[in-house]
Each structure stands twice: as structure tokens, then as C-alpha cells.
Chemist: 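Take this structure, written in C-alpha cells, and hold onto it; I'll ask about it next.
Read the numbers this way: they start at 1 and go in the same order the structure lists the ligands and their atoms.
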Amino acid sequence: MPHDIRNYIDGRFETSGNTFDDINPVDGSLVGRVHVAGQDMVNRAVAAARAALSGPWGRSSGAERAASLHKVADGIEARFDEFVAAEIADTGKPLAQANTLDIPRAISNLRFFAGLAHGRSSELFATDTADGAGAINYTVQKPLGVVAVISPWNLPLLLLTWKLGPALAAGNTVVAKPSEETPGSATLLAEVMHEAGVPPGVFNLVHGFGAGSTGEFLCAHEDVDAITFTGESATGSAIMRAAAANVKALSFELGGKNPAIVFDDADFARALDGTVRSVFSNCGQVCLCSERVYVHESLFDQFVAALKSRAEALRIGWPADAQTEMGPLVSRGHRDKVLGYYALARAEGATVVTGGGVPEFGDRRDNGAWVQPTILTGLPESARCVREEIFGPVCHVAPFATEDQVIAMANDSAYGLAAAIWTEDMARAHRVAQQIEAGIVWVNCWYLRDLRTPFGGVKLSGVGREGGQYSMNFYSEPSNICIKL
Ligand code: NAD
């Protein structure tokens with residue numbers, strides 16, 4: 001039974017009368033009706049967030065905020081299956097992934113940043129230089145104020161809590177706008193916030209689209225102090241323009257066209273397993289996925305053949321089936337984009353090693369957003385399919401001869417988010433990793449995350465870093481106080 005997916009403003013759930021359909025990409029069925037927050041609702045959400053800064057939340061200690069975050073994490077744990085079901089209904093991702101990655105990681109995000117919640121911690125400097133003789137300086141960490149959290153659809157709750165956790169830990173208040181494709185788990189989170197007794201206005205949720213809609217209203221709002229955004233690079237540019245008028249603090253985690261490099265000394269089986277994961281996980285809809293695979297020429301044919309048989313063996317099916325490894329794309333709209341690239345690849349002269357089309361089920365899944373896992377070869381590095389982010393279960397595999405050549409190929413990209421290197425030679429691993437233009441380089445692994453480490457990208461892949469203290473630094477404002485003795 002489709003239900004109403006509501007906004008959460010100043011501690012109350014609100015409908016708007018202006019709705020759109022939330023569609024399940026497995027079979028095109030209706031999940032719910034999403035109530036769009038217009039300009040007035042966004043204004044009220046921002047005003048509520050502003051007001052909450054001068055309420056009990058604004059005076060709270062780090063320990064109190066940590067307790068609130070743990071309570072919210074407890075609340076998600078208590079309703080774990082509902083969160084899993086909401087995430088699956090919106091994305092079609094396999095149960096095995098939502099159960100072990102999306103929802104558990106969302107819980108860990110909140111608990112991890114609860115551990116970093118601080119009071120108004122201070123650094124003290126006794127100054128005895130010529131121009132500051134006889135003074136003490138101390139630095140107070142303050143929240144930024146009202147933070148807009150704009151999140152994408154690929155890992156909905158995981159990526160929302162990744163930003164929400166540190167924003168709240170640092171004492172900010174938040175207006176969150178989840179993707180229009182995946183509003184379900186964020187709305188459950190608002191219920192959990194409410195049940196956990198988070199004060200009204202501290203967490204607000206507004207639903208709607210981006211340009212000309214809720215997202216833009218929020219980003220252009222003059223009373224929003226900072227925007228933290230995960231999504232496409234082009235959207236990042238639009239948000240930057242909207243934020244320019246009153247110079248908001250920005251943190252952007254954007255797109256990627258990530259290389260994986262398989263050297264001739266790699267452990268073949270490990271490199272193959274890792275590459276299968278890095279290309280096809282979440283139906284290729286992870287910003288960190290490898291879309292460009294470079295394989296040493298001595299292994300090329302063998303590696304492509306092995307990758308082909310692994311891609312063809314991937315179990316594509318119903319999300320609830322514990323055996324399922326790959327679900328659909330997030331929407332028919334996104335499928336049109338991915339299929340457009342499959343067609344473009346052929347037009348650009350690619351060899352389609354496997355896939356390139358749509359699986360047929362002969363049941364209601366044929367109304368969904370499925371595509372085949374796809375491997376391409378034979379394109380020049382200048383081809384659009386090698387340069388542009390596709391965000392589907394697809395990679396292009398190219399041979400290389402030397403270390404210098406593959407470093408140049410990997411770096412010849414407008415993006416710079418992540419890279420994976422497969423080699424048993426640790427000197428080479430360090431040498432190559434340090435030359436790759438990316439925010440994150442994995443050696444003999446992929447998507448191994450320690451929440452303390454800096455996360456973000458270079459070039460079109462982002463602005464700033466989040467993770468551990470990097471997050472706390474972004475979500476806090478140091479204020480120095482100098483006292484003449
Ligand atoms: P998207 O940019 O289309 O949308 C992301 C969010 O921005 C949505 O909530 C959307 O409504 C909102 N939005 C769109 N236009 C807006 C505007 N003009 N003003 C304000 N808000 C606006 O991204 P998506 O399609 O949801 O997600 C996929 C993209 O996200 C891919 O490019 C992927 O690489 C990237 N991504 C990056 C990371 C990372 O950490 N670097 C992580 C996940 C996804």
C-alpha cells in the first residue's frame with residue numbers, strides 16, 4: 001500500500017499537497033507519494049534550524065550531543081528491518097548489501113561521530129613574541145550554524161548519516177534534502193529522531209527535486225551557513241553558484257571515473273575478485289566504482305576473459321533473494337542514461353565483450369530499471385565512454401605496457417576520486433600510489449574504509465575532505481580570543 005512520505009519541520013511531520021510518485025525500480029511499482037517542500041516550507045525549516053541553535057541544543061555539551069546520536073543509532077537498530085525494507089524499495093539493491101553495508105554503516109557513522117563530539121575545546125597559547133607580549137590566546141570551536149545536507153540516491157542512509165553525524169556532533173542544526181529517488185529511509189530517520197527526543201528544529205527534512213525546486217531553494221537560502229553535498233559534479237557547480245551570494249562554507253563529494261590498475265605481478269585471483277567488486281557493486285552505482293580498468297598487456301586477454309565469465313555469472317535477481325548479487329539501476333531515467341552510453345560505446349567503436357543490453361525476465365521485473373553487466377574494450381582514451389562517468393555496471397578495459405604509461409593514462413581524467421592498484425611489489429605500490437591524482441588510492445583492496453581517514457576527491461571529484469577530524473574541522477568554526485595581560 002503506497003504511503004505518504006512527509007517532510008519533518010520543527011518537530012512535526014508535514015504534507016504539502018504537491019506530490020510525486022516514489023517508484024520501485026525492481027518492477028516499476030508505486031512505493032509512496034512524496035510531498036514536495038516548496039519555498040515556504042524550506043523557509044520554515046531553515047527558520048526552525050536557526051531557532052534551535054539558541055535553544056537547549058545550542059547550549060548542549062559534547063557529551064549530551066553524543067548521547068543523542070547514540071540514541072538515534074539505537075533507534076535505527078530497533079527498526080533495522082524497516083530501514084532495510086525502505087532502502088530496498090527505493091533502490092532495488094540486494095538484501096545482502098542493505099543488511100550488511102547500507103544500514104549498519106549508517107549506524108556506525110552516527111556512533112563514530114558521537115565519539116568525536118566535543119565541547120568548546122580550546123587551544124591555549126601564552127604569547128611572548130614582540131608584538132603579542134603579555135597576552136594569552138585561546139581558540140574556541142563553535143558550530144557553523146545551519147547546515148544544509150544534500151544527499152544522493154546510491155547509498156541513501158549511509159551517505160546522509162556520514163554528513164549528519166559530524167554536523168550534529170559539532171553542535172550544528174541541519175536541514176536535510178535526500179534525493180527525490182530515495183526519500184524513504186531519510187523519512188524513517190526523521191521518525192527515529194523524533195522518538196529519540198532530538199529537540200525540534202535540530203533535524204529538519206525537506207523533500208523535492210534539485211534545480212528550481214527544494215534543493216535549490218535550500219542552497220540559495222541566505223540563512224543557511226554551510227552546504228555539504230554528495231552528488232554529480234555538474235550539480236556541485238550549480239550549488240556553488242547558488243551558494244556564492246552569501247559565501248557559504250562548502251564541502252563537496254562529487255563524481256568519479258576511477259581507474260583500476262592490474263600489474264603483471266598482481267595476485268591474479270585477488271585482482272580479479274577485487275575488480276569484479278569494484279566494477280559491479282551496487283550495480284556500478286558507487287562513486288568509488290572502477291569504470292576504467294588498465295591491465296598489463298601480458299595479462300590482458302586472460303584477464304578480460306576471466307572478467308567476462310565472472311560478469312556473466314553474477315546473480316541478477318529479486319532483492320529479497322539472499323543469493324542475489326546485483327539488482328536494477330535506481331530508476332528508468334537513470335537506465336536511459338546508462339543505455340545511452342552502451343549505444344554510444346558501440347558508435348565509438350567499442351568491442352562489447354559481454355552485456356550491453358537489458359536482461360529479460362518474463363515477469364513484472366520487465367517494468368523495472370535493469371541492465372546487463374557490461375565489459376567494453378577497444379576504445380581510445382579520448383572516447384566519451386572512457387572520459388565520462390556512466391554510473392552503471394560497466395567498465396572499459398585497456399592494455400598498458402609500462403608503469404609510466406599507465407600512471408599517465410590513469411591521471412588523464414577530469415576526475416580524481418579513487419583508484420585501485422593491484423600488485424605484489426610494495427615498492428611499486430607506493431611509487432604508483434603517490435603519483436595517482438586521486439583523493440583515495442587502494443592497494444590490493446577496494447572500498448576498505450576507516451572512518452578516521454580523509455575522504456574526498458581532487459579535480460571535478462570534490463572540494464575538501466571529510467572523515468574523522470577532517471569532518472569535525474569542516475563542521476566547526478574556530479574562533480580565537482586574545483587577552484592582553
Ligand atoms: P545528483 O547530483 O543528481 O543529486 C544529488 C542531490 O542533489 C539530490 O538530492 C538532488 O535532488 C540534489 N540536487 C540536484 N540539483 C540540485 C540543485 N541545482 N541544487 C540543489 N540540489 C540539487 O546526484 P545523484 O544522481 O543523486 O548521485 C549520483 C552522483 O553522485 C554520481 O555522480 C556519483 O559519483 C556521485 N557520488 C559521489 C560520492 C562521493 O563521495 N564523491 C558518493 C556518492 C555519489
Chemist: Does C219 reach ligand 1, in the sense of a heavy atom lying below 4.0 Å from it?
Modeler: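 For ligand 1, residue contact (heavy atoms, under 4.0 Å) with C219 is present.
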
Chemist: Assess the side chains of H207 and S16: does a donor N or O sit below 3.5 Å from an acceptor N or O?
Modeler: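 Checked: H207/S16 side chains show no N/O donor-acceptor pair below 3.5 Å.
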
Chemist: Distance to 0.1 Å, residue and atom name: give those for the protein heavy atom nearest to atom 22 (C) of ligand 1.
Modeler: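 Answer, as residue, atom name and distance: G210 CA, 3.4 Å.
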
Chemist: Would you call R384 and E348 a salt bridge, taking side-chain N to carboxylate O under 4.0 Å as the test?
Modeler: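 Salt bridge between R384 and E348, a charged N being under 4.0 Å from a carboxylate O: no.
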
Chemist: Does F252 have a heavy atom less than 4.0 Å from any atom of ligand 1?
Modeler: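 The answer is no: ligand 1 sits nowhere under 4.0 Å from a heavy atom of F252.
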
Chemist: Is D4 paired with R6 through a side-chain N to carboxylate O contact shorter than 4.0 Å?
Modeler: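 No, R6 and D4 are not salt-bridged.
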
Chemist: Given that the side chain starts at C-beta and the backbone is N, CA, C, O, which of these parts of L417 lies under 4.0 Å from ligand 1, counting heavy atoms, or is it both or neither?
Modeler: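 Within the 4.0 Å criterion, L417 contacts ligand 1 through side-chain atoms alone.
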
Chemist: For the pair D40 and R44, find out whether any cationic side-chain nitrogen is under 4.0 Å from an anionic carboxylate oxygen.
Modeler: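 Salt bridge: yes.
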
Chemist: Would you mind running through ligand 1 and noting each atom that sits below 4.0 Å from a heavy atom of F229?
Modeler: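 Answer for ligand 1: 2 (O), 5 (C), 6 (C), 7 (O).
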
Chemist: Is any NZ, NE, NH1 or NH2 atom of the basic residue among D21 and R33 found under 4.0 Å from an Asp or Glu carboxylate oxygen of the other?
Modeler: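 Yes, D21 and R33 are salt-bridged.
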
Chemist: Classify the side-chain pair T228/E466 by whether it contains a donor and acceptor separated by less than 3.5 Å.
Modeler: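 On atom types as modelled, these side chains qualify, holding a pair under 3.5 Å.
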
Chemist: Please classify the L254 to ligand 1 contact at 4.0 Å (heavy-atom distances, strictly less than): side chain, backbone, both or neither.
Modeler: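 The part of L254 near ligand 1 is the backbone, not the side chain.
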
Chemist: Are any of the N/O atoms in E232 less than 3.5 Å from those in ligand 1?
Modeler: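 Min N/O separation from ligand 1 is below 3.5 Å for E232.
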
Chemist: For the pair F391 and W153, name the ring-plane relationship: parallel under 30°, tilted 30 to 60°, perpendicular over 60°.
Modeler: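 Perpendicular, since the angle between the ring planes exceeds 60°.
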
Chemist: Which residue and non-hydrogen atom of the protein lie closest to atom 32 (O) of ligand 1, and at what distance in Å?
Modeler: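 Nearest protein contact, heavy atoms only, for atom 32 (O) of ligand 1 is E389 OE1, 2.6 Å.
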
Chemist: In terms of residue, atom name and distance, what is the protein heavy atom nearest to atom 28 (C) of ligand 1?
Modeler: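 Checked against all protein heavy atoms, atom 28 (C) of ligand 1 sits closest to F391 CE2, 3.6 Å.
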
Chemist: With backbone taken as N, CA, C and O and side chain as the heavy atoms from C-beta onward, which portion of L155 lies under 4.0 Å from ligand 1: side chain, backbone, both, or neither?
Modeler: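 It is neither part, as no heavy atom is under 4.0 Å.
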
Chemist: So between A243, A234, A211, S237, whose heavy atom ends up nearest atom 18 (N) of ligand 1?
Modeler: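 Checking each option, the heavy atom nearest atom 18 (N) of ligand 1 is found in A211.
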
Chemist: Would you mind running through ligand 1 and noting each atom that sits below 4.0 Å from a heavy atom of K177?
Modeler: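 Numbered from 1, ligand 1 contributes 9 (O), 10 (C), 11 (O).
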
Chemist: Can you sort out which atoms of ligand 1 are near N154, meaning under 4.0 Å from one of its heavy atoms?
Modeler: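 Every atom of ligand 1 under 4.0 Å from some heavy atom of N154: 43 (C), 44 (C).
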
Chemist: Please compare G457, C289, C287 and report which has the shortest non-hydrogen distance to atom 39 (C) of ligand 1.
Modeler: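 The residue whose heavy atom sits nearest atom 39 (C) of ligand 1 is C287.
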
Chemist: Counting each atom of ligand 1 from 1 as listed, which ones have a heavy atom of L159 under 4.0 Å away?
Modeler: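 Counting atoms of ligand 1 from 1, those under 4.0 Å from L159 are 42 (C), 43 (C).
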
Chemist: I need the nearest protein heavy-atom contact for atom 8 (C) of ligand 1: residue, atom name and distance, please.
Modeler: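 Atom 8 (C) of ligand 1 sits closest to the protein heavy atom S151 O, 3.4 Å.
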
Chemist: Nearest protein heavy atom to atom 11 (O) of ligand 1, by residue and atom, and its distance?
Modeler: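 Protein heavy atom with the smallest distance to atom 11 (O) of ligand 1: E180 OE1, 2.6 Å.
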
Chemist: Listed by chain and number, what are the salt bridge (charged side-chain N to carboxylate O under 4.0 Å, His left out) partners of R346, not counting sequence neighbours?
Modeler: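 Salt bridge (charged side-chain N to carboxylate O under 4.0 Å, His left out) check on R346 returns nothing, list empty.
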
Chemist: When you measure from atom 14 (C) of ligand 1 to every protein heavy atom, which one gives the shortest distance, and what is it?
Modeler: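 Answer for atom 14 (C) of ligand 1: T235 CG2, 3.3 Å.
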
Chemist: So Y8 and H194, would you call those rings parallel, tilted or perpendicular, with 30° and 60° as cut-offs?
Modeler: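 Rings of Y8 and H194: perpendicular, as their planes differ by over 60°.
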
Chemist: Report yes if the distance between the aromatic ring centroids of W318 and F361 is under 6.0 Å, otherwise no.
Modeler: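 No, too far apart.
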
Chemist: G212 near ligand 1, heavy-atom distance under 4.0 Å?
Modeler: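 So G212 does not count as touching ligand 1.
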
Chemist: Please state which protein non-hydrogen atom is closest to atom 35 (C) of ligand 1 and give its distance, to 0.1 Å?
Modeler: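 Residue, atom and distance for the closest contact: G231 O, 3.2 Å.
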
Chemist: Within ligand 1, which atoms have a heavy atom of I239 less than 4.0 Å away?
Modeler: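 Numbered from 1, ligand 1 contributes 19 (N), 20 (C), 21 (N).
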
Chemist: Show which side-chain atoms of residues 338-345 pair as donor or acceptor with protein atoms under 3.5 Å away, not counting sequence neighbours.
Modeler:
| from | atom 1 | to | atom 2 | distance (Å) |
| --- | --- | --- | --- | --- |
| Y341 | OH | E388 | OE1 | 2.5 |
| Y342 | OH | Q372 | O | 2.9 |
| Y342 | OH | T374 | OG1 | 3.2 |

Chemist: Main chain of L158, side chain of T161: is a donor-acceptor contact present, judged purely on distance under 3.5 Å?
Modeler: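 A pair under 3.5 Å: yes.
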
Chemist: Between the side chains of D412 and K257, is the shortest nitrogen-to-carboxylate-oxygen separation below 4.0 Å, so that they form an ion pair?
Modeler: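 So K257 does not pair with D412 through a salt bridge.
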
Chemist: Which residue supplies the protein heavy atom nearest to atom 20 (C) of ligand 1, what is that atom called, and how far is it?
Modeler: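 Nearest protein contact, heavy atoms only, for atom 20 (C) of ligand 1 is G215 C, 3.2 Å.
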
Chemist: Do you see a protein non-hydrogen atom under 4.0 Å from atom 1 (P) of ligand 1?
Modeler: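 When distances to the protein are checked, atom 1 (P) of ligand 1 has a heavy atom within 4.0 Å.
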
Chemist: Can a non-hydrogen atom of S179 be found less than 4.0 Å from any atom of ligand 1?
Modeler: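 For ligand 1, residue contact (heavy atoms, under 4.0 Å) with S179 is present.
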
Chemist: For the pair N172 (side chain) and G145 (backbone), establish whether a donor and an acceptor sit closer than 3.5 Å, ignoring hydrogens and angles.
Modeler: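 Looks like yes, one N/O pair under 3.5 Å.
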
Chemist: Do the numbers put R65 on top of the ring of Y475, so that NZ or CZ is under 6.0 Å from the six-membered ring centre and no more than 45° off the axis?
Modeler: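 Judged by the rule (NZ or CZ under 6.0 Å from the ring centre, within 45° of its axis), R65 is not positioned above Y475.
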
Chemist: Below 3.5 Å, N or O to N or O, backbone or side chain included: is there any such pair between S233 and ligand 1?
Modeler: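 No, there is no polar N/O contact under 3.5 Å.
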
